[in-house]
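Computed over heavy atoms, backbone and side chain alike; hydrogens, waters and symmetry mates excluded. Protein chains get the first letters and strands the later ones, always in sequence-line order, with residue 1 at the start of each.
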Amino acid sequence: MEQQLFIYNTLTRKKELFKPLNAPLVGMYVCGPTLYSDVHIGNCRTFTSFDVMYRYLLHIGYKVRYVRNITDVGHLVDEVAGEGEDRIARQARLKQLEPMEIVQRYAFGFREVMALLNLLPPSIEPTASGHIPEQIEMTQKIIDKGFAYEKDGNVYFDVEKFAKSNNYGILSGRNLDDQMNNTRELDGQEEKKGRLDFALWKKAKPEHIMRWNSPWGTGFPGWHIECSAMSQKYLGDTFDIHGGGMDLIPTHHTNEIAQSVGCCDAAPVNYWIHTNMLTLNGQKMSRSLGNVFLPVELFSGMKLAADSPSATPSQAKLDGKHPLFEKAYDPMVVRFFMMQTHYSSTLDFSNDALQAAEKGYNRLAESMKKVSSLSPSAQSTSDIKKLRQQCYEAMNDDFNTPILLSNLFEAARIVNSVYDGKETLTAADIEAVKKLFSDFVVDVLGLKAEAENSGKQMEVLDKVVHMVLDMRAEAKQKKDFAASDAIRDKLIAAGVAIKDTKEGSTWNLQ
RNA sequence: GGUCCUGUGGCCGAGUGGCUAGGCUCAGCUCUGCAAAAGCUGCUACAGCGGUUCGAAUCCGCUCGGGACCUCCA
């Protein structure tokens with residue numbers, strides 16, 4: 001590979017040169033959503049961050065197998081106690097639906113939101129319920145290795161035993177004694193030998209709908225085992241990158257490592273990447289805290305109606321203005337907003353920040369449109385090659401999108417200055433800038449060029465508006481400013497914003 | 001209580017032991033019948049107090065503030 005990519009590895013707490021096991025192939029696994037309710041914007045942030053990493057790896061020439069799972073079984077309401085209901089089964093009961101109906105509904109909404117945010121689909125999107133045999137097999141192997149025990153139809157991972165020969169806290173940096181002693185009182189522990197032990201397989205109660213046969217009776221898999229089983233199936237015993245939100249480090253990912261090592265004696269992952277949280281007024285957005293808002297609300301500026309059948313953007317029923325948002329924000333503005341912050345920092349949501357992002361994004365988008373209309377000169381006043389190099393350097397430094405953006409804004413500045421005749425670019429450099437934008441803004445950052453006004457209706461509207469603008473221009477020429485201003489005001493009132501430029505007036509929908 | 005992260009100009013937000021990220025706001029200018037829009041230029045900040053250093057916002061210590069994890073959470 002031409003580019004030397006450095007990645008911050010949670011495992012070593014250092015930035016490391018990225019060396020795939022089998023270049024140019026790269027295996028990447030990201031923990032996906034649990035589909036017991038709608039994804040919120042915090043979830044989206046994580047997936048968007050990994051989307052940019054995926055895009056950049058592709059851009060610099062890797063062939064990436066990107067696996068992002070869908071959890072549709074086994075995620076308990078009270079994971080540590082090993083009790084409580086399965087989250088999806090619980091929703092099914094509450095809504096009187098089949099569990100698969102719950103999963104189907106939220107999966108549909110999830111994919112629609114991902115598409116609106118312009119995320120590339122993963123190579124494989126495996127579901128936990130579709131990989132029950134694999135999970136049973138892995139559980140059996142862990143039992144055979146002596147790291148798990150069965151009790152009354154439940155199978156638990158024996159953390160203390162594992163920790164004797166392995167570093168259980170290798171990822172979180174916590175030592176076992178701290179974890180054993182500094183935990184609050186918990187219920188429902190009686191079956192487990194150790195308090196840190198976690199379920200690989202759970203016995204299904206009679207009323208439990210989601211159930212499968214296993215060597216230990218009828219039941220369902222634990223939450224952590226699905227990722228170990230599926231990543232191993234599609235990416236191998238050891239693969240390159242595993243990612244997720246940083247809240248998964250101490251429990252989910254720690255247990256994944258334990259399972260994989262316990263099963264196969266191999267560290268499953270070379271590079272662990274964790275994204276930081278999205279906050280609202282400085283506090284983490286999470287389903288359990290209840291301070292979540294939904295993508296459809298952000299994109300519409302409206303509140304989801306209490307009786308909305310779904311929060312899927314295309315199906316949602318909205319009800320009045322959302323108290324948090326001053327206006328609707330385009331998904332690309334939201335994506336741009338996320339790109340302004342490094343994935344490893346918390347990202348705080350506010351109207352002010354969003355509006356600043358909207359303006360910045362529009363400025364970038366405008367200058368991208370201008371590139372095509374630049375006139376070439378014999379010489380360039382800027383070093384586009386160097387600028388391109390700086391863009392790579394930014395991304396090579398642990399996917400530093402804020403720095404990348406600052407370089408892209410420098411490109412925008414150059415374009416605008418050339419457009420104003422204050423600086424010059426050769427024909428080759430104009431092409432180079434065009435390529436820079438399409439490579440980094442569109443391909444890597446995934447900021448989709450604004451959809452051109454298209455379709456029959458827009459075509460007609462465009463002609464009509466231009467007719468009116470011609471009339472206004474005529475009035476202006478006759479110095480009949482009362483008439484020209486009246487036309488302007490009425491167009492604005494109708495939702496048509498106009499821009500007067502040297503070359504005449506342009507318009508767009510407001 | 002334990003573990004860890006963090007504190008940057010009016011706001012958001014990168015980064016580095018010395019070489020003024022960037023965006024938004026604001027101001028000036030250009031354009032313009034006016035306005036809007038757009039563009040260009042300008043605005044030298046790093047919580048406080050000590051220490052290390054030729055030199056620290058960047059390293060170390062303390063103090064104060066914010067947050068995360070230790071239950072599920074992207």
Side-chain angles (χ1 to χ4, degrees), chain A residues 13 30-34 36 39-50 75-81 84 87 169 172-175 177-187 223 243-252 274-279 282-289 292 336-337 340-342 344-350 352-364 366-367 370 390 394 397 400-410 412-413 415-417 419-423 476 479-481 484-485 488-489 492 497-502 505-506 508:
Chain A
R13 280 138 211 279
V30 171
C31 288
T34 302
Y36 66 95
V39 284
H40 59 69
I41 208 71
N43 304 129
C44 294
R45 195 234 175 161
T46 296
F47 303 134
T48 305
S49 296
F50 284 105
H75 197 154
L76 303 181
V77 173
D78 189 345
E79 201 68 45
V80 161
R87 286 180 181 277
S172 66
R174 293 209 168 102
N175 73 51
D177 288 343
D178 283 348
Q179 290 188 78
M180 301 283 278
N181 300 324
N182 290 317
T183 315
R184 296 166 218 163
E185 285 303 310
L186 295 162
D187 302 324
W223 173 39
M246 62 186 286
D247 50 352
L248 298 179
I249 295 171
T251 307
H252 185 56
H274 291 95
T275 57
N276 213 320
M277 300 292 104
L278 182 136
T279 60
Q283 208 182 25
K284 174 184 170 184
M285 176 178 291
S286 77
R287 286 161 165 173
S288 48
L289 287 171
V292 302
F336 176 88
F337 171 67
Q340 279 186 304
T341 303
H342 189 82
S344 64
S345 298
T346 54
L347 173 64
D348 197 54
F349 242 72
S350 70
D352 287 351
L354 234 29
Q355 271 164 26
E358 183 173 56
K359 289 184 184 170
Y361 173 63
N362 286 338
R363 198 157 85 82
L364 189 61
E366 283 299 315
S367 78
K370 267 188 204 169
Q390 286 171 336
D397 186 11
N400 197 324
T401 54
I403 293 290
L404 171 61
L405 277 173
S406 81
N407 287 312
L408 292 170
F409 272 104
E410 172 63 11
R413 208 214 89 243
V415 168
N416 290 329
S417 292
Y419 186 81
D420 285 352
K422 289 172 183 160
E423 294 186 30
K476 278 171 77 169
K479 307 268 185 213
D480 183 0
F481 296 123
S484 73
D485 287 357
R488 180 174 65 197
D489 292 345
I492 289 168
I498 59 173
K499 253 196 252 183
D500 292 341
T501 70
K502 276 177 254 177
S505 301
T506 61
N508 54 335

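When both pairing distances are held under 3.5 Å, B:G33 makes no Watson-Crick or G-U pair with any nucleotide shown. Across every strand in view, B:A68 sits in a pair with B:U3 that passes the Watson-Crick or G-U test at under 3.5 angstrom.
Side chains of A:M285 and A:F349 form no contact here, defined as non-hydrogen atoms less than 4.5 Å apart. Contact of the A:L364 side chain with the A:L408 side chain is registered, since non-hydrogen atoms from C-beta on lie closer than 4.5 Å.
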Verify side-chain hydrogen bond (donor to acceptor under 3.5 Å, both in side chains) between A:S344 and A:N276, making sure each step is shown before the conclusion. CA-CA 5 Å; A:S344 64; A:N276 213 320; over 6 Å; no

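The distance between atom CG of A:N407 and atom P of B:G15, rounded to the nearest whole Å, is 13 Å. The distance from atom CE of A:M246 to atom C1' of B:A74 is 11 Å, rounded to the nearest whole Å. Taking atom CG on A:L405 and atom C1' on B:G15, their separation rounds to 15 Å, with Å as the unit.
At a threshold of 4.0 angstrom between heavy atoms, the contacts of A:H40 include nucleobase atoms, whether or not backbone atoms are also involved. A:S345 comes within 4.0 angstrom of sugar-phosphate atoms only, judged by non-hydrogen atoms across all strands, and of no base. Residue-level contact check: A:G244 touches the backbone only, with heavy atoms under 4.0 Å from sugar-phosphate atoms and none from bases. Using a 4.0 Å heavy-atom distance criterion, A:T275 is classed as making no nucleic acid contact.
Comparing B:C34, B:U3, B:G39 by their closest approach to the side chain of A:D500 singles out B:C34.
In this pair, A:F481 lays its aromatic ring flat on the base of B:G33, centres within 5.5 Å and planes under 30 degrees apart.
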